[in-house]
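Residue numbers begin at 1 in each chain, while the letters A, B, ... track the order of the sequences.
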Protein chains: 4
Amino acid sequence: MSGKGKSLELVPTKERIARVAVRLFSKKGFKGTTIKDIAGEVGITEGAIYRHFSSKEDIIRYLTRRITEELVDLIRREVLKERTFTGMVERLVEVLMDFAFKNPDSFRYLTVYHILREEIPQEDLPGRKILEIFRRAYEKGETDLLPEVALSLVIGSIDRLFILRELGVSVAEEDTLLREMKKAILRAFRGP
Amino acid sequence: MSGKGKSLELVPTKERIARVAVRLFSKKGFKGTTIKDIAGEVGITEGAIYRHFSSKEDIIRYLTRRITEELVDLIRREVLKERTFTGMVERLVEVLMDFAFKNPDSFRYLTVYHILREEIPQEDLPGRKILEIFRRAYEKGETDLLPEVALSLVIGSIDRLFILRELGVSVAEEDTLLREMKKAILRAFRGP
Amino acid sequence: MSGKGKSLELVPTKERIARVAVRLFSKKGFKGTTIKDIAGEVGITEGAIYRHFSSKEDIIRYLTRRITEELVDLIRREVLKERTFTGMVERLVEVLMDFAFKNPDSFRYLTVYHILREEIPQEDLPGRKILEIFRRAYEKGETDLLPEVALSLVIGSIDRLFILRELGVSVAEEDTLLREMKKAILRAFRGP
Amino acid sequence: MSGKGKSLELVPTKERIARVAVRLFSKKGFKGTTIKDIAGEVGITEGAIYRHFSSKEDIIRYLTRRITEELVDLIRREVLKERTFTGMVERLVEVLMDFAFKNPDSFRYLTVYHILREEIPQEDLPGRKILEIFRRAYEKGETDLLPEVALSLVIGSIDRLFILRELGVSVAEEDTLLREMKKAILRAFRGP
DNA sequence: TATGAATGAGCTTTCATTCAT
DNA sequence: TATGAATGAAAGCTCATTCAT
């Protein structure tokens, strides 16, 4: 009855709502996405949403926590284990881009969240975690890039690349993009 | 009442609406900003807005065209005149960051527009202009960075830096940020 | 709660909206009737209207089609089956006046629609159907009245009689009015 | 400088407003016509209207009184002087149709006024005057048509004919229409 | 007289949320 | 769990009217 990924109908409704919501929020913003929009794409009625989430705000909180945790976990598991700083940067780009290729909506969601939300609990967001990495490296003299510049460089570049990709501006293969982005970013981190 | 003075009261209402609108749109998004919000901050009633703009959509069109033209003009005048590719990249970062320091709302507005708008007449946006620069350089062998990666690197990094700045994550001086960002980006463009 | 009874509460909301709307539109015009007016008389809130009709325009379209179809059907079934032209005119007056006595609001609605709407899909309106009857009779020599004069005579007279009735100018019994109107109109159609 | 009807610019603004207003009111109704509509077609701004009329209501009152007086005067001068009842009916049709041919907007205006206005000072309207004629004739036995039926027949038929004419349904010449309408109506009044 | 900016009330419509079924 | 009708607040927009110039 369960197995791995049977038919779409077996995905629980709450999960289907979450998937649709993250896509719509990431494309149209929070106010730009209505409960009706979400319900419509899920294939249920508006009222049904409230069986799974107590409010629109609740959906946003749920998604933000979930995406953040997933990404922070990834960084913790995949990036922090690296020995060298260069290794960490390389792995960071790989992890972020891999995440973005697999979950473009979730990746975009975080950007939209950063830009549009007025009150952001910064400590919990992935950016904070990454900033810490760069801060420590900066203090230890492993890089001469200002931590916030380093963070902007990595997150901003990748983020924008995926926007361009969705706009159809970039049509390159996934592995090409990964290789090229890694090349550019690693050079920026390399000393003068 | 006071000749050709430049006191704040003499700024025409349409311009005051535009300034408030660009700030609010860039912070709360298009749907997240109401006509009432705008009117309230300008100090007029909602109805008065409609003497100057025919609709909310009209305000958005006006702002987009205006900001785009200003930035495209700047790039045309300041960046394209450079002789070397490195000179162009350097000047590009300077021009963009200078624009962003002076017009943070307008700069953010463009990002928000990119992310939230569904139908974008891409040709007209500044990014398009910059992409062309990178494309030509790539074809001439002046850089080995994929054009879309180069564009993402420059625009994305700067864009994100200003988001971090507004979130209070970065508190460095303007000229420090400019110098550091230029350093990082120029390195990325330098050959291997 | 009470089986298939026909108590007023069991009339579906959409139908209740339609009935109120046809009355208000026919008395105060389209712009003169507000959604709030309609909702208020139905006993629901303005927003509830939009669960049943997508817009005010949608209500107007719905009513126009419905009333038109009913009247055209009536004419088709009751008038066209008559053998003689005189019989058709007589039956036409009966059918129209009977319809107007029973559905004064619907009858008035059509008049208001004729007068106030700018773009009318004429083919669909009952008048068109009647005009055809008169045209054919005119061509066959069954009457010497110009088709448009004949149509004006029948529709215009009846229409105006009902306006006078609602203004309180005419207080005669229904069957008196029917008899007298029939007498007048039939004479007009009779040869010289 | 004055003479009889020089250039259009010499028509006083108040008169130009009145002419535009009667046309718009007669086509779009009272609520459906805005001060801006009127001002726009006159070629002045909204504020300027208020130099000539104290309110929209004032324009309506002015037009109603003016059109009514003109028509009542016409009836008094042209119809009541006839010796025979048949002569009066004939002259009435002539006068009404001539008025409608020359002032289609004013003629329509009265219809719209009858239908849409909630409070009508009936005594003053032309219909009242005509009804009196038919009442007296009915009492004297000069016609066997019920006064309200007679009134509906004359006013309603002519009214509708002009609506059809504006809708493009009738394309006959003016004198043809007059002759045919007179023929039809006179027959209706003729005894059995 | 006329303009044009502004007001304030009211319009149509949207939308998050509730609730009886 | 889900539906669908309804609410009520707020959105975008319109419009008669006012007023300084």
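Side-chain atoms of B/Thr13 lie closest to E/dA6 of the nucleotides E/dT3, F/dT1, E/dA6.
No side-chain heavy atom of C/Glu46 sits under 4.5 Å from any side-chain heavy atom of C/Ile38.
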### Message
I'd like to compare against my own output: the B/S/- annotation of nucleotides 8-15 of chain F with a strict under-4.0 Å heavy-atom distance to protein.
### Response
B--SSBBS
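Counting to the nearest Å, the P atom of E/dA6 and the CZ atom of B/Phe53 are 12 Å from each other. With rounding to whole Å, C/His52 atom NE2 is found 12 Å from F/dT7 atom C1'. Distance D/Ile38 CD1 to F/dA16 P: 8 Å, rounded to the nearest Å. Atom pair C/Arg16:CZ and F/dA6:C1' shows a separation of 12 Å (rounding to whole Å applied). Straight-line distance from the NZ atom of C/Lys14 to the C1' atom of F/dA6: 17 Å, rounded to whole Å.
We find that C/Arg19 and C/Glu15 are joined by a salt bridge, their nearest charged nitrogen and carboxylate oxygen being less than 4.0 Å apart.
Nearest-nucleotide assignment on DNA chain F puts the 5′-proximal partner with C/Gly43, out of C/Gly43 and B/Arg51.
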### Task
Before giving the answer on side-chain contact (heavy atoms from CB on, under 4.5 Å), spell out for D/Ile49 and D/Ile59 the whole-Å C-alpha distance, their side-chain angles and the decisive distance to 0.1 Å.
CA-CA 10 Å; D/Ile49 298 269; D/Ile59 305 180; 4.0 Å; yes
#### Entry: C/Leu116 and D/Ile115: CA distance, side-chain angles, deciding distance, side-chain contact (heavy atoms from CB on, under 4.5 Å) verdict
CA-CA 11 Å; C/Leu116 294 186; D/Ile115 294 179; over 6 Å; no
### Task
Check step by step if side-chain contact (heavy atoms from CB on, under 4.5 Å) holds for A/Ile17 and A/Ile44.
CA-CA 9 Å; A/Ile17 293 171; A/Ile44 55 179; 4.1 Å; yes
### A/Tyr50 and A/Ile35: CA distance, side-chain angles, deciding distance, side-chain contact (heavy atoms from CB on, under 4.5 Å) verdict
CA-CA 10 Å; A/Tyr50 290 85; A/Ile35 294 291; 3.8 Å; yes
### Dot-bracket summary - DNA chain E, pairs being Watson-Crick or G-U whose distances fall under 3.5 Å, with | when paired to another strand
.||||||||||||||||||||
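For the salt bridge (Lys or Arg N to Asp or Glu O under 4.0 Å) test with B/Asp37, the passing option among B/Lys56, B/Lys27, B/Lys28, B/Arg23 is B/Lys28; the others fail. Between A/Phe25 and the choices A/Phe30, A/Tyr113, A/Tyr62, the ring-ring contact (aromatic ring centres under 6.0 Å, His included) rule is met once, by A/Phe30.
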